[in-house]
Amino acid sequence: MAIKDLPVEECYIPGCAACPGCPATMALRVVYKALGRNTVKIIPACCTAVIESLHPHTSFDIPTMNIAFEAAAAGASGVEAGFRMQGKTDITVVAWAGDGGTYDIGIQALSGALERNTNFIYICYNNEIYSNTGIQRSGATPYGAWTTTTVTGKTEFRKEMGEIIQAHHIPYAAQTCIAYPEDLFKKLQKAKSIHGPKYVEIMAPCPPGWRFPMEKTVEMGTMAVETGAWALYEVENDKVTFNGRSKLILEGKIERKPIEDWIKYQGRFRHLFKPKKDIKRIKAIEDHIDQMWERYRKCYQ
Ligand SMILES: Cc1ncc(C[n+]2csc(CCOP(=O)(O)OP(=O)(O)O)c2C)c(N)n1
Ligand code: SF4
């Protein structure tokens, strides 16, 4: 499927309050096209709660419920149960949260909803920071990255959320990226067609948070995948399939690009290059990605 073949109908309408070049808005457009109008969205505190605009205005043309930061999956569970009791089984219930709301504060509610087999789709747009409150580090922030709470660079590596999700053995989980809208569209449509809990995580490079020019959002997403810092894959009933470039990397058909090709264009890593190159920390980032791909190779073939 090509981008021009995506449905023309927009549930993401003019009037949003996002920064120019926002990856969340790019993803939301495609998500709405894939899921259609018969969808209800539960959104906790995050940039999207601002992007949707101020009451009584809205830039979302589908029912949306805003909820507390930690409660996206719990709220979605309640909404799904309510519809089920009313016999309304054709409505897609979606929780949509940032990485802070997913990796950190919302992980308990998420784990509970997955364990209870809630029939919903949980989508995490991962911009690797708490961006709405001014760029604090999250459990998804990579090692070495500047944030306002890691001013000399984060000293811990990011959590492997994909592995945490897989430990729940749910019917469907996937990783995708805003730079690959067809991949995102297909994965969301597949998630919609499956009964039970589904988890989809979208890599979402954020211009103000990562410190790159707003017109480079898609390029930053492409480079994340080309360097192997992010992988495109899906897991259906514990069977893992890699997609696109990530499949070619795993099969040894193409090489991962050096991580420097990606991080040198992001201001959040500038201190690793100036005043002089921090070879040790750049190598630590590269090693971490190597280890991730080693695990992919061992577990997923
Ligand atoms: C219990 C609680 N703690 C803190 C906040 C403040 N807060 C609102 S949004 C947010 C950051 C959200 O980060 P993330 O989930 O990564 O989404 P993003 O802002 O990056 O879109 C924080 C800390 C809150 N609303 N509730
Ligand atoms: S801070 Fe980042 S995620 Fe938030 S609205 Fe701006 S570009 Fe989008």
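Just follow the structure's listing: the first ligand is 1, and inside any ligand the first atom is 1. Computation of the quantities below employed the complete heavy-atom set of this structure, encompassing side-chain atoms and omitting hydrogens, waters and symmetry-equivalent molecules.
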Q: Report, in ascending order of atom number, the atoms of ligand 1 lying under 4.0 Å from any heavy atom of T133.
A: 6 (C), 7 (N), 8 (C), 10 (C), 11 (C), 22 (C), 23 (C)
Q.
Out of all atoms in ligand 1, which are within 4.0 Å of some heavy atom of G100? Include the element for each.
A. 14 (P), 15 (O), 16 (O)
Among protein heavy atoms, which lies nearest [atom], and at what distance?
atom: atom 13 (O) of ligand 1; answer: Y130 CA, 3.4 Å
atom: atom 25 (N) of ligand 1; answer: A45 CB, 3.5 Å
atom: atom 3 (S) of ligand 2; answer: N127 ND2, 3.5 Å
atom: atom 8 (Fe) of ligand 2; answer: C22 SG, 2.4 Å
atom: atom 21 (O) of ligand 1; answer: Y125 OH, 2.5 Å
atom: atom 17 (O) of ligand 1; answer: C46 CB, 3.3 Å
atom: atom 4 (Fe) of ligand 2; answer: C47 SG, 2.3 Å

Quick check: does [X] get an N/O under 3.5 Å from an N/O on ligand 1?
X: N127; value: yes
X: I129; value: yes
X: G101; value: yes
X: C47; value: yes
X: N132; value: yes

Q.
Can you tell me if, anywhere in C19, an N/O/S atom lies at a distance from atom 6 (Fe) of ligand 2 that is smaller than 2.8 Å?
A.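 C19 does place an N, O or S atom closer than 2.8 Å to atom 6 (Fe) of ligand 2.
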**Q.** K41 to F60, cation-pi by 6.0 Å centre distance and 45° axis angle
**A.**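 Yes, a cation-pi geometry holds between K41 and F60.
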Q.
Distance to the ring centre below 6.0 angstrom and angle to the axis at most 45 degrees; does that hold for R268 and W146?
A.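 Judged by the rule, R268 and W146 form no cation-pi pair.
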(Q) With ring-ring contact (aromatic ring centres under 6.0 Å, His included) as the criterion, how do W210 and W262 come out once you've worked through the C-alpha distance, each side chain's angles and the decisive distance to 0.1 Å? (A) CA-CA 11 Å; W210 296 17; W262 185 53; 5.7 Å; yes
Q.
For Y296 and Y233, take the angle between the two ring planes, folded into 0 to 90°, and tell me which bin it lands in: parallel under 30, tilted 30 to 60, perpendicular over 60.
A.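 Answer is perpendicular, since the angle exceeds 60°.
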For [X] and [Y], test the side chains for any donor-to-acceptor distance below 3.5 angstrom and give the result as yes or no.
X: N243; Y: K187; value: yes
X: R116; Y: S77; value: yes
X: Y199; Y: E201; value: yes

Q.
Membership question, hydrophobic clusters at under 4.5 Å side-chain separation (ILVMFWY): are Y172 and V31 in the same one?
A.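 V31 and Y172: one cluster.
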Q) I105, I164: one ILVMFWY side-chain cluster at the under-4.5 Å cut-off? A) no
Q: Would you give the length of the straight line joining atom CD of Q175 to atom SG of C124, rounded to the nearest 0.5 angstrom?
A: 9.5 Å
Q.
Any atom of ligand 2 sitting under 4.0 Å from a heavy atom of A24?
A. no
Q: Considering the heavy atoms of S131, write down every atom of ligand 2 situated less than 4.0 Å from one of them.
A: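 Every atom of ligand 2 under 4.0 Å from some heavy atom of S131: 1 (S), 3 (S), 4 (Fe).
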(Q) Heavy atom to atom 18 (P) of ligand 1, shortest distance: which of A24, S131, G98, C206 holds it? (A)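 Considering heavy atoms of A24, S131, G98, C206, the nearest to atom 18 (P) of ligand 1 sits in S131.
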Q: With heavy atoms under 4.0 Å as the rule, classify the contact between F69 and ligand 1 as side chain, backbone, both or neither.
A: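 Under 4.0 Å from ligand 1, F69 contributes side-chain atoms alone.
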Q) Is the distance from atom 2 (Fe) of ligand 2 to the nearest N/O/S atom of C206 under 2.8 Å? A)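 It does; at least one qualifying atom falls short of 2.8 Å.
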Q) Looking only at heavy atoms, which two atoms of T48 and A24 are closest? And how far apart? A)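 The pair with the smallest heavy-atom distance is OG1-CB, 4.3 Å.
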(Q) Just checking Y143 against F157, ring centres under 6.0 Å apart? (A) yes
